[in-house]
Visitor: 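To start, I am sharing the structure in question, which I have written as structure tokens.
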Amino acid sequence: MVRESEIQKAVEILRAGGLVALPTETVYGLGADATNREAVAKVFAVKGRPPAHPLIVHIGGAEWLDEWAREIPDAARRLAAKFWPGPLTLILKRSDRVIDHVTGGQDTVGLRVPDQADTLRIIRELGHPIAAPSANRFGRVSPTSADHVREDLGDEIDFIVDGGPCRVGIESTIVDMSCEKPEILRLGAITEAEVAEVVGRPVPVREKPASVRAPGTLESHYAPEASVLLAEPSEMARIAGEFIRQNKRVVMITRPVPGCGAPSEDENVPIVLPVPPSDEAFARNLYALLREADRREADVILVSPPVAEAGLGRAVADRLRRAAAPRSGIEQ
Ligand code: TXA
Ligand code: MG
């Protein structure tokens, strides 16, 4: 439970142009007053993020939409009414209140109402939207607890609001509603089918990044330090054996594998971090598991994707594929 005094402290720091890490239902955000140029510039500096990559702007409710976006299609309003507060970001044409610093100069803005009571109160008390990317360094996995934020950015931000572990655990679904043909730019807990049902026609998932302006769509985003390999549980022992023969430290993130025991510090026994049974729990634990593998100094992480690539399982599989993608040319 976040104390009232902490909420007030967060609001004061944001008002003064400081940076506050905020819990949301998806992942922790690194928040700044979205109307304050210097504060937004600090977000980019602390994250090490290139300035052309736009930030998501978190608003206090769907009733704030018309102040921060323009030419809002009916279907976008329906999506907002159905899923906000919740893990859905809408890309819309921006209003003239949105500053260039937030959008990387683009004519569109990403808006979302987070489903976390403390953060919603902070936004509403501030009376301004909060621009917040995930509170990790650029290219690393997102934080799903206050401790993760501390590990990544602790010394460089003014305050962390500790709302406990994030309920969803992976970033919001992003739907581009700014053009004629809506598209899903990033998969999350709101599924393609749910979006299509409200929009009233298919809304495809964009397969190839249209531009490097959406870092969530960069091939090797969401990567831990170790290299990541996807494998079925039945292949794990064999693949792990090959790496161990090369003196690599292996961590397996998987459903139970016969013959592999409990986590061990022995160099020659791969460490098994068990995958929770449901896709919801897998999503909630995914980034913590990848961080745990790094903490155990894995050279290689072997991970089994969700069984069914539907709904949240598909979003988890998408994050895993990106974590496993080649990293050359990507800023870490
Ligand atoms: O769940 C989330 O969305 C979390 C929490 C903190 O709200 N935020 C998050 O932010 O994941 P970030 O900055 O790590 O990822 C934001 C994504 C990026 O891929 C960015 O390019 C895209 O949103 N985005 C933001 N504004 C955009 C715009 N105008 N056009 C296209 N993509 C945009
Ligand atoms: Mg991010």
Side-chain angles (χ1 to χ4, degrees), residues 19-32 34 40 43-44 46-59 68-69 83-95 98-116 119-120 122-123 129-144 148-149 152-153 161 163 166-179 182-190 206 209-223 283 287 315 318-319 322-323 331-332:
L19 302 187
V20 177
L22 295 165
T24 83
E25 79 283 29
T26 58
V27 302
Y28 274 71
L30 174 60
V40 171
V43 170
F44 284 92
V46 165
K47 253 198 87 117
R49 187 173 190 162
H53 291 243
L55 305 181
I56 292 177
V57 172
H58 298 74
I59 54 177
W68 301 96
F83 296 115
W84 283 353
L88 176 74
T89 297
L90 297 175
I91 307 294
L92 295 163
K93 296 226 172 79
R94 68 170 173 171
S95 79
V98 179
I99 59 176
D100 276 343
H101 295 62
V102 166
T103 69
Q106 301 194 67
D107 190 37
T108 56
V109 63
L111 296 176
R112 154 169 139 77
V113 180
D115 188 15
Q116 209 286 350
T119 291
L120 262 185
I122 291 168
I123 298 169
I130 294 180
S134 51
N136 54 289
R137 262 178 226 292
F138 184 67
R140 312 308 309 177
V141 298
S142 294
T144 52
H148 295 167
V149 179
D152 274 16
L153 305 171
V161 176
C166 299
R167 176 171 60 77
V168 175
I170 59 171
E171 305 81 353
S172 60
T173 303
I174 303 181
V175 185
D176 187 352
M177 297 299 294
S178 71
C179 43
E183 274 184 321
I184 294 176
L185 304 188
R186 182 173 72 185
L187 287 163
I190 309 288
R206 186 186 287 172
S211 79
V212 291
R213 289 200 165 171
T217 65
L218 286 178
E219 283 259 285
S220 97
H221 213 61
Y222 312 110
Y287 292 143
D318 165 77
R319 298 303 190 280
R322 291 177 201 280
E331 246 172 285
Q332 294 291 311

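One-based numbering, in listed order, for ligands and for the atoms of each.
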Visitor: Please work out whether any backbone atom (N, CA, C, O) or any side-chain heavy atom from C-beta onward of Thr108 is under 4.0 Å from ligand 1, and answer side chain, backbone, both or neither.
Guide: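 Both parts.
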Visitor: Counting from 1, what ligand 1 atoms have a heavy atom of Arg186 closer than 4.0 Å?
Guide: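 Within the 4.0 Å cut-off of Arg186, ligand 1 contributes 2 (C), 3 (O), 9 (C), 11 (O), 15 (O), 16 (C), 17 (C).
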Visitor: Over all heavy atoms of both residues, which pair between Ile190 and Thr173 is shortest? Give the atoms and the distance, please.
Guide: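 Scanning both residues completely, I find the closest heavy atoms to be O-OG1, 2.8 Å.
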Visitor: Is the contact between Lys93 and ligand 1 made by the side chain, the backbone, both, or neither, using heavy atoms and a 4.0 Å cut-off?
Guide: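 Neither; no heavy atom under 4.0 Å.
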Visitor: Which pair of non-hydrogen atoms, one from Leu90 and one from Met177, has the smallest distance, and what is that distance?
Guide: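 Nearest pair, atom of Leu90 first, then Met177: CD2-CG, 4.0 Å.
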Visitor: Could you tell me which atoms of ligand 1, counted from 1 in the order shown, lie closer than 4.0 angstrom to a heavy atom of Pro133?
Guide: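 Ligand 1 atoms under the 4.0 Å threshold to Pro133: 10 (O), 12 (P), 13 (O).
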Visitor: Taking only residues two or more places apart in sequence, or in another chain, which ones meet Thr108 in a side chain to side chain donor-acceptor pair (under 3.5 Å)?
Guide: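 Not a single residue meets the side chain to side chain donor-acceptor pair (under 3.5 Å) criterion with Thr108.
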Visitor: What are the atoms of ligand 1, with element, lying closer than 4.0 Å to any heavy atom of Thr26?
Guide: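 Atoms satisfying the 4.0 Å criterion: 1 (O), 2 (C), 4 (C), 5 (C).
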Visitor: Can you tell me if Thr103 has a non-hydrogen atom under 4.0 Å from ligand 1?
Guide: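 Thr103: no contact with ligand 1 (<4.0 Å).
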Visitor: Could you list which atoms of ligand 1 come closer than 4.0 Å to a heavy atom of Ile56?
Guide: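 Listed by number with element: 3 (O), 8 (N), 9 (C), 10 (O), 16 (C), 23 (O).
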Visitor: Which of the listed options, Val27, Val57, Leu88, holds the heavy atom that is closest to atom 4 (C) of ligand 1?
Guide: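 It is Val27 whose heavy atom sits nearest to atom 4 (C) of ligand 1.
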Visitor: Counting each atom of ligand 1 from 1 as listed, which ones have a heavy atom of His58 under 4.0 Å away?
Guide: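 So the answer, numbered in order with elements, is 5 (C), 6 (C), 7 (O).
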Visitor: Can you name the closest pair of heavy atoms from Leu153 and Ala135 and give their distance?
Guide: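 Scanning both residues, the minimum pair turns out to be CD1-O, 3.1 Å.
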Visitor: Write out all pairs satisfying salt bridge (charged side-chain N to carboxylate O under 4.0 Å, His left out) with one or both partners inside residues 19-32, taking only residues at least two apart or from two chains.
Guide: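 For residues 19-32: Glu25-Arg112.
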Visitor: Less than 4.0 angstrom from a charged side-chain N to a carboxylate O is my criterion; do Lys47 and Asp152 meet it?
Guide: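 The answer is no: the pair does not qualify as a salt bridge.
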Visitor: Could you verify whether a donor N or O on one side chain and an acceptor N or O on the other, from Thr119 and Thr24, lie under 3.5 Å apart?
Guide: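 Result is no, nothing qualifies.
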Visitor: For ligand 1, is any non-hydrogen atom under 4.0 Å from His53's backbone (N, CA, C, O), its side chain (CB onward), both, or neither?
Guide: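 Under 4.0 Å from ligand 1, His53 contributes no heavy atoms.
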Visitor: Could you tell me if any non-hydrogen atom of Arg49 lies under 4.0 Å from any atom of ligand 1?
Guide: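 Under 4.0 Å: yes for Arg49.
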Visitor: Could you confirm whether Ser134 has any N/O/S atom lying under 2.8 Å from the Mg ion (ligand 2)?
Guide: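 An N, O or S atom of Ser134 is closer than 2.8 Å to the Mg ion (ligand 2), so yes.
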Visitor: Taking both backbone and side-chain atoms of Ser134, is any N or O found less than 3.5 Å from an N or O belonging to ligand 1?
Guide: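 The answer is yes, given that Ser134 and ligand 1 share an N or O pair closer than 3.5 Å.
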Visitor: Ignoring hydrogens, what is the shortest heavy-atom contact between Gly188 and Ile170? Give both atom names and the distance.
Guide: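 Taking Gly188 first and Ile170 second, the nearest heavy atoms are CA-CD1, 4.3 Å.
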Visitor: In terms of atom number and element, which parts of ligand 1 are under 4.0 angstrom from non-hydrogen atoms of Ile174?
Guide: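 Listed by number with element, the hits are 17 (C), 22 (C), 23 (O).
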Visitor: Counting both backbone and side chain atoms, is some N or O of Ser172 under 3.5 Å from an N or O of ligand 1?
Guide: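 Right, the criterion is met.
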Visitor: Output the distance between atom CD1 (Ile174) and atom CD1 (Ile56), rounded to the nearest 0.5 Å.
Guide: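 Rounded to the nearest 0.5 Å, the CD1-CD1 separation comes to 4.5 Å.
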Visitor: Between ligand 1 and Arg112, is the shortest N or O to N or O distance under 3.5 Å?
Guide: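 By distance alone, the answer is yes.
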Visitor: Any luck finding a side-chain donor-acceptor pair between Tyr287 and Glu171 under 3.5 Å?
Guide: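 Side-chain D/A pair, Tyr287 to Glu171: present.
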Visitor: Would you check the N or O atoms of Thr24, main chain and side chain alike, for any that come under 3.5 Å of an N or O of ligand 1?
Guide: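 By distance alone, the answer is no.
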Visitor: Would you kindly specify which portion of Asp176 sits under 4.0 Å from ligand 1, judged on non-hydrogen atoms: side chain, backbone, both or neither?
Guide: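 Neither part.
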Visitor: For residues Pro54 and Arg49, report the shortest heavy-atom separation together with the two atoms involved.
Guide: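 Closest approach of Pro54 to Arg49, heavy atoms only: O-NH2, 3.4 Å.
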